Amino acid sequence: MATRTMKKFLALLLSLMMIAAVFVVPSVAATDDLEVTVHYQRSDSNYDNWNIWVWADGKDGGQQDFTSSDSFGAVSKFNMDVAGIDKIGFIIRKGKWESKDTDGDRFIETAKAQDGKVDIYVLQGQAEFGYTEAELTSPRIKKAKMVSTSQIDFTLSQEANLKASDVTVKDSEGNTYAVASVTTDGKNGSLMTSDELPYGKSYKLYIDGFIELDVSTAAVYDTNEFEQKYTYDGNDLGANYTAEKTTFKTWSPLAEKVTLNLYSTGNGDTLIKSVDMTLGDKGVWTAEEAGDLNGVYYTYTFKINGSENEAVDLYARAGGVNGDRGMIIDLKSTNPDGWDSDVRPEFGGNATDAIVYEQHIRDFSIDASSGVSDAHKGKYLAFTETGTKNSNGNSTCLDYLKNLGITHVQIMPAFDFSSVDETKLDKAQYNWGYDPKNYNFPEGSYSTNPYNGEVRINEFKQMVQSLHKSGIRVIMDVVYNHTAATYDSNFNKSFPDYYYRENEDGSFSNGSGCGNETATERSMVRKYIVESVVYWATEYHIDGFRFDLMGLHDQETINEIRAALNEIDPTIITYGEGWTGGSSTLPSSQAALKAQISKMPGFGAFSDDIRDGLKGNVFDEEDTGFVSGKSGLESTVKSGVLGATDSWAGAPTQTINYVSCHDNNTLWDRFTNSCPDATDEEKAAMTKLASSVVFTSQGVPFFLGGEEMCRTKPLANGKLDSNSYKSPDSTNSVKWDTLSSNLVSDVSSYYKGLIEFRKAHPSLRLTTTEDVNNSIKFSEDVGDNVVAYEVSGKPNGEKADSIFVAYNANKEDVQVKLPKSDKWQVCVNGEKAGTDVIETINGDTVTVKAQSTMVLVLGDTNGTPDNSNPEDTSKVTPNDNSNGVNTGDTSTPIVWFAFAGVALLAIAGIVFVTAKKKANR
């Protein structure tokens, strides 16, 4: 009886569900799975090697192929998980980025789906696409842009003579705005409205006989009218804490309503209360809550154009797990013991006195051979441990860095980023961190407790403090040029379209290659970046900033950053990548590009010239350079020696010389690819030669952490990873046991010696182009693949009478004539480097061994010692305005390659991508 009753009940329930389903409007929100069909038409009907790169907004992308055809053209059908996603990005490309169908990214709106399916139709070379074939063939409005509160410019798919009565403008609430006049010139037109179009609303343009189009409003944010009306110059945005009360301020001038939400935890359903905020001057919303709110989490809900979105405060200085909520914080409670007396270690006094070592926080210590305690492996606190050893007793990590002699560690992105799920740190996850989420508090996955916002701040500060005590300054790699998400980013939720550049058609400009680029030229974006940099320099005692894709920033923003840092401490160094990751709408004349670095005094740019000149073109893994056998590159090397002051640099202080970094292959792997027949000994010789050019050239020397340890990045399939941004630890981690190899130990010691020699000789660290021109003279008639020069005149306080440097890239020894016959003391050759005299040359010629460098000195070989003293860090405080500026034998790289094989095979199924991230670097 009970069984029959149950069956009847289930049958009734099923029937009710089926009836209900009839009345439910199909929506993509009802399912996480969306079937996407792309119809693509090329005029030549040739679809060979064409495919689609597709991604859910804010997530990684992947390739989809065209697998069939219809009457329109080629067809690709695939499913996407679109849970919580409004947009799907796609690029139609040939091969692996050989070319693109159009420059910009395009986005499919998931709301267009019907019954869990969406079709789009794309014509070759046409940025606009349709959700039906008719949309492409019918007359339509191709572009519509609001350029002022009373003017809209538009472009049509075909010419038309229009009058005002043919045109209508409506907002999202259905209100109609009268059109006073229309002018057309062929397919282009412009209309003026009778009344002003209010800021903050979305508009649609209707023209008789044409398919309507949404009006892009982003351009109006560039007008002087908007800037003057809404630029806020206060320095109190965010949560301003005291024990008695907390005042919250956020900027969103076009919001209809903003609500403050208070939570007891950083995740979960723990809402305490919501408070309506009050709109004040310049578009700033304010709320005030009494009591001690330290440790309470919060968000804002913005109602804009009738839609409500919850977002993290852009100015939040602490956050919960995964950065999904901000946290109110008493910053003094986050300071480690002795933080108030933490100081910036001294180094020489100018940017050229810096020796920069790039390191990813997880890579540094996650390997078992690091000797770091298990609780601190891959964490900020790994930088606080001393006495760590590898399995053979060699010093590792902090002790190793201190012994190496570097002046600065450049940590790869360490503010809160998106790609690592901090709630699942027991699972294998990895990312470089070039996917920013929250800019003003540290990444939680590097802390011992990502759930407590106070912990990550305290441990980050402990890392900085420990490095400072060891005489090493800290540079942050900062990524202000784009965000991980676009439509759903905290920026876009706070104020849609303001923080990002847009193309003419209203799509997001994608100069980063990551889906968007920030509009740094807008006053409140510039203000945000400058204040964020200043905050890290003061609250965290950061000593320098490396700007990712600096070419996407405008020069005025860069110069304002430098001016603000000079007010804190002029010894803080700043530099960046003087290029973009793709086409940008920012005019090149305004962009902070390498070629225009002289317009940005105090900022440096990476020299891709010396990088490619030494090892070969970075985009061709098999290409060779000066040190690996290519002839005809002597002039490129000479320009590098001069710190590019003969070409693009305004001064040698603006040139960052390097031969490898986190991008692309490691130096060792590059030689493996480009010189496949080279022995380990030959690759070690090339590594020494390349590094000796970097360390004896004018400018700022920079190298990838582990480059001096013949670092390699192997994949499970036996290949070498050239883009390891999300590859496993087995690929990315620093293998400290390699230091026990005689070969690796020798190369590491060579780097240490080069650093020692450079520190001892200020004539290698010149600061003006005038000194470079007056002091350096290149030798003539030295033969092919040889560069030799003398530095004389004791510039920059040099004590040695003369320094002579010769690079021999040939596979045979060469004889090089010295500037004069005298007792030249050799301090660097192909085997050793340092300030100790290796041998004395009596005469006017010297033999430079194959693929090696020789450096000889007349007079004082110890020169003028570098000013840094790891044991005395008491002279420059973080916030002052002072003028002080800043062994055994077990395995070679080949052997440990095999040693890692077992672990690598275990991850053989991992799919890695030649990512769109930084693809154009």
Side-chain angles (χ1 to χ4, degrees), residues 53 55 57-58 61 87 89-91 93 97 99-107 125 127 143 145 147 216-223 434-436 439 478-487 489 491-492 496-526 528-530 546-561 575-597 599-600 603 605-606 608 618-619 648 663 915-921:
W53 185 265
W55 68 97
D57 188 36
K87 306 281 186 179
F90 74 95
I91 296 171
R93 64 177 191 170
W97 306 107
S99 61
K100 299 179 184 180
D101 181 75
T102 57
D103 284 338
D105 296 348
R106 291 176 279 195
F107 290 88
K143 300 175 184 177
K145 178 173 66 174
V147 295
S216 170
T217 58
V220 78
Y221 303 144
D222 294 320
T223 62
Y434 292 95
D435 53 339
Y439 284 104
V478 289
V479 191
Y480 293 108
N481 66 81
H482 76 278
T483 57
T486 305
Y487 293 97
S489 72
F491 286 99
N492 214 46
D497 300 328
Y498 179 81
Y499 288 94
Y500 301 103
R501 298 186 185 118
E502 293 187 359
N503 297 308
E504 286 290 328
D505 61 359
S507 63
F508 288 100
S509 182
N510 187 24
S512 68
C514 301
N516 62 72
E517 60 184 90
T518 53
T520 64
E521 67 279 9
R522 290 179 180 155
S523 62
M524 292 301 288
V525 183
R526 176 180 296 141
Y528 181 85
I529 294 172
V530 173
R546 177 264 193 196
F547 287 79
D548 181 72
L549 295 182
M550 187 173 67
L552 290 176
H553 297 323
D554 66 292
Q555 294 169 26
E556 185 175 344
T557 296
I558 291 296
N559 287 329
E560 284 197 17
I561 290 169
Y575 57 91
E577 294 178 304
W579 49 75
T580 68
S583 299
S584 170
T585 57
L586 179 68
S588 59
S589 60
Q590 299 175 23
L593 297 168
K594 180 187 77 173
Q596 301 181 123
I597 198 68
K599 299 177 183 177
M600 295 163 275
F603 256 83
F606 283 97
D608 49 341
V618 75
F619 298 113
W648 52 267
D663 279 323
K916 190 159 70 81
K917 170 75 182 76
K918 297 182 164 218
N920 294 319
R921 299 224 191 155

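Please read all numbers here as calculations on a predicted model, not as lab measurements. What's counted below: heavy atoms across the whole structure, side chains too, no hydrogens, waters or symmetry copies.
Distance check: S589 OG to Q555 CD gives 7.5 Å after rounding to the nearest 0.5 Å. Between L586 atom CG and S509 atom OG the span is 8.5 Å, to the nearest 0.5 Å. Interatomic distance, CG of L593 versus CH2 of W648, reported as 12.0 Å (0.5 Å rounding). The distance from the CZ atom of R106 to the CD1 atom of I91 is 9.0 Å, given to the nearest 0.5 Å. For the atom pair OG (S584) and NE2 (H553), the distance works out to 11.0 Å, reported to the nearest 0.5 Å. Annotation: the span from W579 atom CH2 to M550 atom CE amounts to 9.0 Å, rounded to 0.5 Å.
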List the steps, then state whether side chain to side chain contact (heavy atoms under 4.5 Å, CB included) holds for Y480 with L552. CA-CA 9 Å; Y480 293 108; L552 290 176; over 6 Å; no

Given Y439 and V478, is the side chain to side chain contact (heavy atoms under 4.5 Å, CB included) satisfied, shown in steps? CA-CA 9 Å; Y439 284 104; V478 289; over 6 Å; no

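Minimum heavy-atom separation, S216 to E502: OG-OE1, 3.0 Å. Closest of all the heavy-atom pairs between V479 and P436 is O-CG, 3.3 Å. Listed here is the closest heavy atom pair of Y434 and H482: O-NE2, 3.0 Å. Of all heavy-atom pairs between A591 and G551, the closest is CB-O, 3.4 Å.
A search for side chain to side chain contact (heavy atoms under 4.5 Å, CB included) contacts involving S99 returns W50, K94, not counting sequence neighbours. For the side-chain hydrogen bond (donor to acceptor under 3.5 Å, both in side chains) test, residues two or more places apart in sequence or in another chain that qualify with S523 are E227, T231. F603 is linked by a ring pair (Phe, Tyr, Trp, His ring centres under 6.0 Å) to F547, counting only residues two or more places apart in sequence or in another chain. With sequence neighbours excluded, the residues that form a side-chain hydrogen bond (donor to acceptor under 3.5 Å, both in side chains) with D554 are T520, R526, T557. For R522, the salt bridge (Lys or Arg N to Asp or Glu O under 4.0 Å) criterion is met by D222, not counting sequence neighbours. Under the ring pair (Phe, Tyr, Trp, His ring centres under 6.0 Å) criterion, Y499 pairs with F491, sequence neighbours left out. Scanning for salt bridge (Lys or Arg N to Asp or Glu O under 4.0 Å) contacts around K87 gives E109, with sequence neighbours left out. Scored by the salt bridge (Lys or Arg N to Asp or Glu O under 4.0 Å) test, E521 finds R501 as partners (sequence neighbours excluded). Every residue meeting the side-chain hydrogen bond (donor to acceptor under 3.5 Å, both in side chains) condition with N503, not counting sequence neighbours, appears here in chain and number order: S507. Residues forming a ring pair (Phe, Tyr, Trp, His ring centres under 6.0 Å) with F508 (at least two apart in sequence, or on another chain): Y487, Y500. Partners of Q590 by side-chain hydrogen bond (donor to acceptor under 3.5 Å, both in side chains), not counting sequence neighbours: none found. Residues satisfying the salt bridge (Lys or Arg N to Asp or Glu O under 4.0 Å) test with K145, not counting sequence neighbours, are E504.
Side-chain contact between I561 and M600 is absent, with no heavy-atom pair separated by less than 4.5 Å. Considering only heavy atoms from C-beta on, V147 stays 4.5 Å or farther from V220 through its side chain. A 4.5 Å side-chain heavy-atom check between C514 and D435 finds every atom pair outside the cut-off.
A donor-acceptor pair is defined here as one N or O able to donate and one able to accept, closer than 3.5 Å; such a pair exists between the side chain of D101 and the backbone of G125. Not one N or O on the side chain of E517 forms a donor-acceptor pair closer than 3.5 Å with the backbone of G581. Distance alone, capped at 3.5 Å, places no donor-acceptor pair between the N481 side chain and the S512 backbone.
Using a 4.0 Å cut-off between charged side-chain N and carboxylate O, E577 and K594 make no salt bridge.
Residue N510 forms a side chain to side chain donor-acceptor pair (under 3.5 Å) with just one option from D105, T580, T486, T585, and that option is D105.
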